Number of protein chains: 2
Amino acid sequence: MARRSEHSRDEIQAMAIQAAITILSEQGLQGLSTRKVASAIGYTAGTLYLVFKNLDELILQVNAASLDELHVWMQDALAKNKAPQAQLLGLAHAYLSFARENFARWSLMFTHQMPVEMHLPDWFHDKVRTLFALVVKPLQQINASLTLEQYRQATHVLWSSVHGVCELGLNDKLALGGEIQAEELIDAMVKNFLNGFSQGWE
Amino acid sequence: MARRSEHSRDEIQAMAIQAAITILSEQGLQGLSTRKVASAIGYTAGTLYLVFKNLDELILQVNAASLDELHVWMQDALAKNKAPQAQLLGLAHAYLSFARENFARWSLMFTHQMPVEMHLPDWFHDKVRTLFALVVKPLQQINASLTLEQYRQATHVLWSSVHGVCELGLNDKLALGGEIQAEELIDAMVKNFLNGFSQGWE
DNA sequence: ACCTGAACACCGTTCAAGT
DNA sequence: ACCTGAACACCGTTCAAGT
């Protein structure tokens, strides 16, 4: 048929990203495919390759959108709390909520391994670092006597821990069976972390 | 051709699991497929379905083998250390080493989402719980005044944190770039955890 | 210039047919 | 009884051909 410029490149790109997000929430990780995304926006799979290099680049864009949305959730959590301890708890809970309510999209950020030869663009790394920065600040308020490298390390440790609790908790990978209250675990984790952190960092 | 009983069902099963492990280490997660496993052991894909219900069950068996091997690594770490604090550090480092040196196989345990309708057999959950138990004991020695439920929660928190540091560290998902010394992070993480834990648990 | 549709090289899975 | 090979329904990706 060769439909003629009904949509611009940018429009097709945006439509594809949106369609991918819908498919992820309705059919999960396994449901995502170029052919389904294409047909959802009324195009052929081939068209997607006019606009994205390949599926990995589409996924990268979906992940970028996820990071933006996660940023909003975490920003909100910061605004709702005043004390730095409460802010960190809020950030961790916001992360858990986002993971739970957007499970497939959140999983896509971690379970999809990009090919090694594809190195992520700077603007993507910037998004991650911006999120990271939200966590550093409250930590600096709680314990002001550390070096920048120590804050980086402490933030890395704290955030990886929050992430780990979300991952193993939401997937029940530790086989604790029954109802795992990830929220309680996050609470216990952050509080214990701060217990140690407020006294110093090695 | 219909080759006649060259191998028993159990032998084919064992060969397939071993072939899958080899493919994972040589070609990574994406390289694993029923057709490749089958051809690696000199059979047709169809034969695999005489011996496994489907690919997910083969993966389950590979994961079970991974858990067994991980158990040995962690057992060794326990034996090499006497003080419970040192034992926990050793366990965490053993986990990190296993993840690093068997990256694809380790990833398979977490990035492959089993279909929801497939619930894991009891013997698999038992393997996970056995690993879990290795971590509980040292914790009990460090702080003997908690309830069983509190130990369970503390262990869950500690192990999820170790796992999170491994996952985000080995994948560089936090985009800290350069050389991330996951070993240092594990050290800092466990020590800070124990700092809080030795004083109590909420 | 834009898009299609067929093609290629792969998948997981099933099952009639062969020995 | 054991195993194959073809078939089916899917993939990601490319690219000549159509408008």
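Every value quoted in this text rests on a predicted model; they were computed, and no experiment measured them. Within every chain, numbering begins at 1; the chains are lettered A, B, ... in the order of the sequence lines, protein sequences first and strands thereafter.
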Determine: side-chain N/O of B:T47 to OP1/OP2 of D:dC3, distance under 4.0 Å, yes or no. no
Side chain to side chain donor-acceptor pair (under 3.5 Å) evaluation trace for A:E167 with B:S160: CA-CA 8 Å; A:E167 167 151 1; B:S160 299; over 6 Å; no
Atom CE of A:M114 and atom P of D:dG12 are separated, to the nearest Å, by 14 Å
Pick from A:L55, A:L60, A:D56, A:L29: which one makes a side-chain contact (heavy atoms from CB on, under 4.5 Å) with A:H112? A:D56
For the residue pair B:Y95 and B:H163, does the interplanar ring angle fall in the parallel (under 30°), tilted (30 to 60°) or perpendicular (over 60°) class? perpendicular
Respond yes when some side-chain nitrogen or oxygen of A:Y43 is under 4.0 Å from OP1 or OP2 of C:dT4, and no when none is. no
For A:R35 and A:I12, find the nucleotide of DNA chain C closest to each by heavy atoms; which residue's nucleotide sits nearer the 5' end? A:I12
Could you tell me how far apart A:L58 (CG) and D:dT13 (P) are, to the nearest whole angstrom? 10 Å
Rounded off to whole Å, could you give me the CD1-to-C1' distance for the B:I41 and D:dC3 pair? 12 Å
To the nearest Å, how far apart are B:Y49 OH and C:dT13 C1'? 5 Å
Could you tell me whether the side chains of A:K36 and A:Q27 share a donor-acceptor contact shorter than 3.5 Å? yes
With sugar-phosphate meaning primed atoms plus P, OP1 and OP2, does B:T44 contact a base, only sugar-phosphate, or nothing at under 4.0 Å between heavy atoms? base
Output the rounded distance in Å from CD (A:E11) to P (C:dC2). 13 Å
Value in whole Å for how far the P atom of D:dC10 lies from CG of B:L55: 18 Å
Taking the six-membered ring where the residue is Trp, are the ring centres of A:W201 and A:Y151 under 6.0 Å apart? no
Duplex segments of DNA chain D, taken as runs of at least three Watson-Crick or G-U pairs that stay under 3.5 Å: C:4-8 with D:12-16, C:12-16 with D:4-8
Over how many whole Å does the gap from B:L48 atom CG to C:dC11 atom P extend? 13 Å
Taking CD from B:E57 and C1' from C:dT13, how many angstroms apart are they, rounded to a whole number? 14 Å
Ring centroid separation A:W73 to A:H93 under 6.0 Å: no
First locate atom CD1 of B:I41, then atom CG of B:L48, and finally report the distance between them rounded to the nearest 0.5 Å. 5.5 Å
